[in-house]
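As structure tokens, the structure follows; a few thoughts come after it.
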Amino acid sequence: MMGADHPGSGGGGRVDTVCMACGERSPGVHLRCPRCGGPAILEIEGIRWDVRRDVPSMWRYESMLPAVRRRVSLGEGVTPIRRVGDAHVKLEGRNPTGSYADRASSVMASHIASEGGRGEVAVEYSEDFAYSVARYLRGISDVEVAIPDPSRVDPQEVVALVEMGARVRFGRTGRELGYANSLSVEGLKTIALEVIEKSPRVERIVVPAETGLLALSIWKGLRDAEEAGAGVDLEVDAAILRGSGTPDVLSRIGGVSVHEVDPEDAVRGLVELARAGIRAKVLSAAAFALAEELGRGLAVVTASQRRPQVHRRGESALMADVARAVGEMGEASAYDLWRELRRYTLRGIYKAVEALEAEGELCARHVVRGGRKVRVYSRCVDGEDK
Ligand SMILES: N[C@@H](CCOP(=O)(O)O)C(=O)O
């Protein structure tokens, strides 16, 4: 299945690319600075804070994003915010491929599709990103994944990429589509827009930082929203693991405070999150630990440790029907669902509820009916206390 393809969307007018390294301003959308190759962000004229609340994805902020003729979306964004311990967390693992990278992929795939698709897109491997891009480009372009350092791959991800039809090669030429680009920033900034829209009782967004791109994107999201007329009263704090050094890009912008987190505190955070049913990476757990320490913080938990499976065409229709039916019925057993959805087999319904439960879409409990223990499913409700 390819990403749902929508006709054109996007808000702003004229776009310039501004280099974060040399300051060069170039007309149009460039992934990196055309002059020095440095990291770049887009400046979009005419952005408006005009949230389309009927759109159940990050494209509800299309008036804040660069315009595209075709939109490729799998329903990314609008991820839950939960309270855990003394902090709030934003669960980016709830995105279609299980990571925040889907927001970036949706914008990139939309631009590639808007240009009519490319024969083959070479993508530089980085964890979560390559898989997400390959998923979003399904049916639009063939994907070749370049792996610069084979000793640093997630083996399961590489296998999943190949199963999805991507080609894999080693080394890089420098011409591949990499994670750090101006369109990624546009997609990732929507995390900040969602926090503004939901306005949980927090004063800061705490971001795990490696290259600093995600923190830069959140900072840009807040800045754009302010420029577009949304009231913004949030700061950005970046969590790095002690000794890993401040990412270059964050030294260039004044608006992000960088904090070192001890690995022990990060692991404590990991355990606290796991107790709340959230499987996070160590760096996200570091952000969570920092959010608790600083107070009134919302930590971005970038990915789930369980990658949602890519379903075959028939399976995804079945799963969508089952999820919808559970929503309508409130609570139902697999057998109840089969009586409602007779066009599917009972075995198919069982498989669908199991998959939806594994993806965190459905929650299960046991009830006693007619003296028998029966497993019933309902839509999971996120503890969204603001
Ligand atoms: N890659 C990290 C998140 C932040 O990365 P950055 O390179 O954008 O700073 C993760 O997967 O948690």
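Whatever order the structure lists them in is the order used to number ligands and atoms, beginning at 1.
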Completion exercise
Note: ligand 1 atoms sitting under 4.0 Å from heavy atoms of L213 are 6 (P), 8 (O), 9 (O)
Exercise for the section: Mind running side-chain hydrogen bond (donor to acceptor under 3.5 Å, both in side chains) on S251 and T246 for me, showing each step along the way? Expected result: CA-CA 7 Å; S251 331; T246 297; 5.7 Å; no
Exercise for the section: Decide yes or no on side-chain hydrogen bond (donor to acceptor under 3.5 Å, both in side chains) for E92 and T79, but give the supporting numbers first. Expected result: CA-CA 6 Å; E92 288 297 294; T79 52; 2.6 Å; yes
Handout entry: S110 side chain to W59 side chain, donor-acceptor N/O pair below 3.5 angstrom
Key = no
Completion exercise
One finds that the ligand 1 atoms under 4.0 Å from a non-hydrogen atom of A209 are 9 (O)
Handout entry: Salt bridge D321-R324, side-chain N to carboxylate O under 4.0 Å
Key = yes
Practice task
Could you say whether the N/O atoms of G212 and ligand 1 ever approach to under 3.5 Å?
Solution key: yes
Problem - Minimum side-chain heavy-atom gap I44-E186 below 4.5 Å - result: yes
Handout entry: Protein contact of atom 8 (O) of ligand 1 - nearest heavy atom, named by residue and atom, plus distance
Key = Y179 OH, 2.5 Å
Practice task
With heavy atoms only and a cut-off of under 4.0 Å, state how E210 meets ligand 1: side chain, backbone, both or neither.
Solution key: both
Handout entry: Y377 side, atom OH; S333 side, atom OG - distance, nearest 0.5 Å
Key = 9.0 Å
Problem - Heavy atom of the protein closest to atom 11 (O) of ligand 1 (residue, atom name, distance) - result: K281 NZ, 3.0 Å
Handout entry: Which residue and heavy atom of the protein sit nearest atom 3 (C) of ligand 1, plus the separation
Key = Y100 OH, 3.5 Å
Practice task
Identify, for atom 4 (C) of ligand 1, the protein heavy atom at the shortest distance, and state residue, atom and that distance.
Solution key: P208 O, 3.2 Å
Fill in the blank from the handout: Closest to atom 6 (P) of ligand 1 by heavy-atom distance, out of I218, T211, T302, V249, is T211
Exercise for the section: Can you sort out which atoms of ligand 1 are near L214, meaning under 4.0 Å from one of its heavy atoms? Expected result: 8 (O)
Problem - Minimum side-chain heavy-atom gap E203-D233 below 4.5 Å - result: no
